[in-house]
Amino acid sequence: MISVPSTAWKVFPSETIPSSGKNVKLYDHNHAYETFPEFKVSYSEFNTSPIRIGNNCWLGSNVTVLKGVTIGDNCIIGAGCTVYRDIPANTTVLNSQELVLKTRE
């Protein structure tokens with residue numbers, strides 16, 4: 001299931017929505033904040049920007065897509081990725097997090 005906050009409009013071709021793993025999150029907003037004269041986060045004001053997902057895309061389980069991102073046609077977004085910038089068409093995105101195994105003796 002894709003979780004979509006309801007703060008701004010989004011553009012999703014109909015063939016994109018069923019092509020997703022579980023727990024996909026689309027966040028088209030972020031809390032507004034100030035950095036001067038001191039750092040302050042607003043809990044009631046938001047900055048928004050639409051998310052666009054092209055045709056024939058697959059978003060794997062636990063993918064998070066942040067505000068303002070455009071994902072081109074024919075893309076595969078691997079499980080666990082956080083997409084924070086635009087992805088060109090015909091691109092595969094992988095989460096390159098490494099598993100470090102240490103054996104105790």
Side-chain angles (χ1 to χ4, degrees):
M1 169 186 268
I2 293 180
S3 171
V4 182
S6 59
T7 56
W9 67 271
K10 296 152 228 32
V11 178
F12 303 119
S14 59
E15 47 277 15
T16 298
I17 299 303
S19 300
S20 297
K22 293 182 179 184
N23 201 31
V24 170
K25 295 171 287 303
L26 305 174
Y27 291 108
D28 65 348
H29 66 285
N30 197 2
H31 290 275
Y33 64 90
E34 297 176 13
T35 58
F36 185 82
E38 63 183 64
F39 184 78
K40 183 171 82 173
V41 175
S42 172
Y43 297 100
S44 60
E45 294 180 36
F46 299 94
N47 297 321
T48 63
S49 187
I51 295 169
R52 294 179 175 88
I53 300 175
N55 291 311
N56 194 35
C57 291
W58 171 260
L59 281 64
S61 294
N62 299 309
V63 166
T64 301
V65 181
L66 301 181
K67 72 177 184 122
V69 166
T70 296
I71 298 174
D73 293 340
N74 307 310
C75 287
I76 299 170
I77 311 298
C81 289
T82 299
V83 182
Y84 57 91
R85 63 182 191 195
D86 291 349
I87 307 298
N90 305 306
T91 300
T92 299
V93 178
L94 303 174
N95 186 348
S96 64
Q97 183 176 0
E98 293 182 31
L99 289 177
V100 178
L101 305 176
K102 293 184 180 181
T103 304
R104 292 186 306 266
E105 296 185 31

With rounding to the nearest 0.5 Å, note down the distance linking [atom1] in [X] to [atom2] in [Y].
| X | Y | atom1 | atom2 | result |
| --- | --- | --- | --- | --- |
| Lys22 | Asn62 | NZ | CG | 10.5 Å |
| Ile53 | Ser20 | CD1 | OG | 7.0 Å |
| Asn95 | Thr82 | CG | OG1 | 7.5 Å |
| Thr70 | Asp86 | OG1 | CG | 4.5 Å |
| Thr64 | Leu66 | OG1 | CG | 7.0 Å |

(message) If I compare all heavy atoms of Ser49 with all of Gly68, which pair ends up nearest, and what's the gap?
(response) OG-CA, 3.2 Å
(message) How close do Leu94 and Cys81 get, counting heavy atoms only, and between which atoms?
(response) C-SG, 3.6 Å
(message) Tell me whether Phe39 at atom CZ has more than 12 heavy atoms from other residues, nucleotides or ligands lying less than 6.0 Å away.
(response) yes
Measure from the side-chain N and O atoms of [X] to the backbone N and O of [Y], and report whether any donor-acceptor pair falls under 3.5 Å.
| X | Y | result |
| --- | --- | --- |
| Thr91 | Cys75 | no |
| His29 | Thr48 | no |
| Asp73 | Asn55 | yes |

(message) I'd like to know if the side chain of Asn30 pairs up with that of Asn47 as donor and acceptor (distance under 3.5 Å, no hydrogens or angles considered).
(response) no
(request) Would you please say whether a donor-acceptor pair under 3.5 Å links the side chains of Asn56 and Asn74? (result) yes
(request) Carefully, step by step, assess Val24 and Ile77 under the rule side-chain contact (heavy atoms from CB on, under 4.5 Å). (result) CA-CA 11 Å; Val24 170; Ile77 311 298; over 6 Å; no
(request) Apply the test side-chain contact (heavy atoms from CB on, under 4.5 Å) to residues Leu59 and Val83: give CA-CA distance (whole Å), side-chain angles for both, the deciding distance (0.1 Å), then the verdict. (result) CA-CA 10 Å; Leu59 281 64; Val83 182; over 6 Å; no
(request) Would you check if His31 and Phe46 make a side-chain contact, meaning some heavy-atom pair closer than 4.5 Å? (result) yes
